[in-house]
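Please read the structure below before turning to the comments.
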Amino acid sequence: MPSDFVQVLIEQESHELVPTLHLFGGPFVTLDGRRKDIPEGSKRLLVFVALRPGLVERRYAAGALWPIGDDARAAGNLRSALWRLSKVGVELLQVDKHGLALCEDVLLDVRLVAAWASRLLTGSATPGDLRATPSTMDALELLPGWYDDWALMERERVRQRLLHALEAQSRQLVEAGCFGQAVEAAMQAIGADPLRESAQRALVEAHLAEGNRMEARRSLDRYAELLDRELGVAPGAEISALLHGRVPSRGLAGQNGVEQRAAVRRLTVIS
């Protein structure tokens with residue numbers, strides 16, 4: 001079943017009885033609280049189409065998913081996959097002689113999460129968006145066990161978007177005075193990528209904003225030990241300067257080869 005985080009986004013999006021296609025931990029479909037499994041022979045086709053906006057040409061889908069053999073064989077495989085998919089009992093794809101597309105009334109969990117991330121990153125998050133935080137990043141692993149090139153690329157794209165969104169969420173929660181939730185959001189990002197300096201920075205900022213200088217120091221020390229052990233480098237000048245109440249020029253970002261996030265709000269620390 002979907003994670004609590006995804007379920008919250010589904011309920012925010014629609015109160016009507018509509019099917020939802022889940023790619024996190026999936027693929028599978030839910031409708032009225034019940035799970036419907038996708039036939040094995042139809043999964044790749046359904047996911048391939050769902051991840052692409054608009055109409056997907058039949059010949060393109062067939063050639064990408066069944067590249068071995070001639071066009072006639074690929075087209076036959078596509079027809080077989082569509083026939084199996086029709087047995088699910090829920091209309092998921094719009095199909096005509098030219099192309100395929102996800103039905104308009106089908107919710108897609110990846111799109112809901114991407115929209116949540118976009119609102120956080122553009123500063124248009126609602127109070128509900130700020131309250132919604134994944135309990136674990138493992139629950140948001142896109143298509144686990146899939147190794148198609150297109151699936152791997154989409155998985156990494158979604159992962160990066162989620163990490164940036166969690167960092168933005170942490171900072172916006174700090175501004176709202178919700179320090180505990182801000183720390184939690186930053187720690188979720190760190191749990192997914194402990195060497196990610198922008199996430200570590202968000203955590204230190206949250207501790208400092210709450211007045212917990214010792215927690216900030218401990219977090220920075222743990223990060224410094226991890227960096228030294230794994231990469232043999234020190235934390236960047238920006239994160240180190242936070243404990244002294246100043247932030248150096250953004251031109252210093254990346255000098256230690258650790259990923260830095262652009263355009264981070266300056267935090268004033270009152271000693």
Side-chain angles (χ1 to χ4, degrees), residues 1-58 60-69 73-96 99-116 132 134-159 161-162 192:
M1 295 302 291
S3 68
D4 292 341
F5 168 68
V6 171
Q7 188 59 43
V8 167
L9 298 182
I10 292 172
E11 292 171 0
Q12 288 179 356
E13 179 69 16
S14 176
H15 298 289
E16 299 179 3
L17 187 61
V18 295
T20 303
L21 175 58
H22 301 267
L23 303 188
F24 293 118
F28 61 90
V29 174
T30 55
L31 179 62
D32 193 20
R34 289 190 290 268
R35 171 172 172 152
K36 293 180 177 289
D37 290 322
I38 306 299
E40 196 64 37
S42 301
K43 286 181 178 180
R44 291 175 70 247
L45 173 62
L46 176 61
V47 172
F48 186 84
V49 173
L51 288 176
R52 283 156 178 77
L55 194 71
V56 178
E57 192 177 77
R58 292 179 69 122
Y60 171 69
L65 295 173
W66 295 282
I68 299 176
R73 182 174 180 179
N77 287 333
L78 186 143
R79 288 192 299 271
S80 178
L82 288 172
W83 178 81
R84 291 187 179 95
L85 188 61
S86 68
K87 303 302 179 183
V88 174
V90 179
E91 189 175 3
L92 299 171
L93 292 182
Q94 296 176 337
V95 182
D96 62 31
L100 316 162
L102 193 67
C103 288
E104 292 183 359
D105 65 341
V106 176
L107 298 179
L108 181 61
D109 61 353
V110 176
R111 289 180 186 170
L112 296 178
V113 171
W116 168 83
S135 58
T136 170
M137 286 290 287
D138 289 342
L140 294 179
E141 183 181 2
L142 183 68
L143 301 170
W146 288 46
Y147 300 104
D148 301 80
D149 289 343
W150 52 269
L152 292 171
M153 185 175 298
E154 187 66 16
R155 184 183 303 154
E156 181 59 20
R157 188 190 69 79
V158 170
R159 175 180 170 276
R161 192 160 187 80
L162 280 169

Check your understanding: Do Leu112 and Val6 have side chains that get closer than 4.5 Å, going by heavy atoms?
Key -> no
**Study point:** Partner of Leu31 by side-chain contact (heavy atoms from CB on, under 4.5 Å), out of Val18, Leu17, Val106
**Key:** Leu17
Review point. Under 4.5 Å between any side-chain heavy atoms of Leu65 and Asn77, yes or no?
Key: no
Review point. How about Leu85 and Leu45: do any of their side-chain heavy atoms sit closer than 4.5 Å?
Key: no
Check your understanding: Is there a donor-acceptor contact under 3.5 Å from the side chain of Arg58 to the main chain of Asp96?
Key -> yes
Review point. Between Arg155 (side chain) and Leu143 (backbone), is there a donor-acceptor pair under 3.5 Å?
Key: yes
**Study point:** Sub-4.5 Å side-chain heavy-atom contact between Ile10 and Asp109
**Key:** no
Point to revise | Close side-chain approach of His22 and Arg35, heavy atoms under 4.5 Å | key: no
Review point. Within a strict 4.5 Å, meaning less than it, do heavy atoms of the Glu154 and Trp146 side chains meet?
Key: no
Review point. For the residue pair Ser42 and Ala81, what are the closest heavy atoms and their distance?
Key: OG-O, 2.6 Å
**Study point:** Donor-acceptor under 3.5 Å (Asp4 side chain, Ser135 main chain)
**Key:** no
Review point. Would you say Leu100 and Phe48 make side-chain contact, with heavy atoms under 4.5 Å?
Key: no
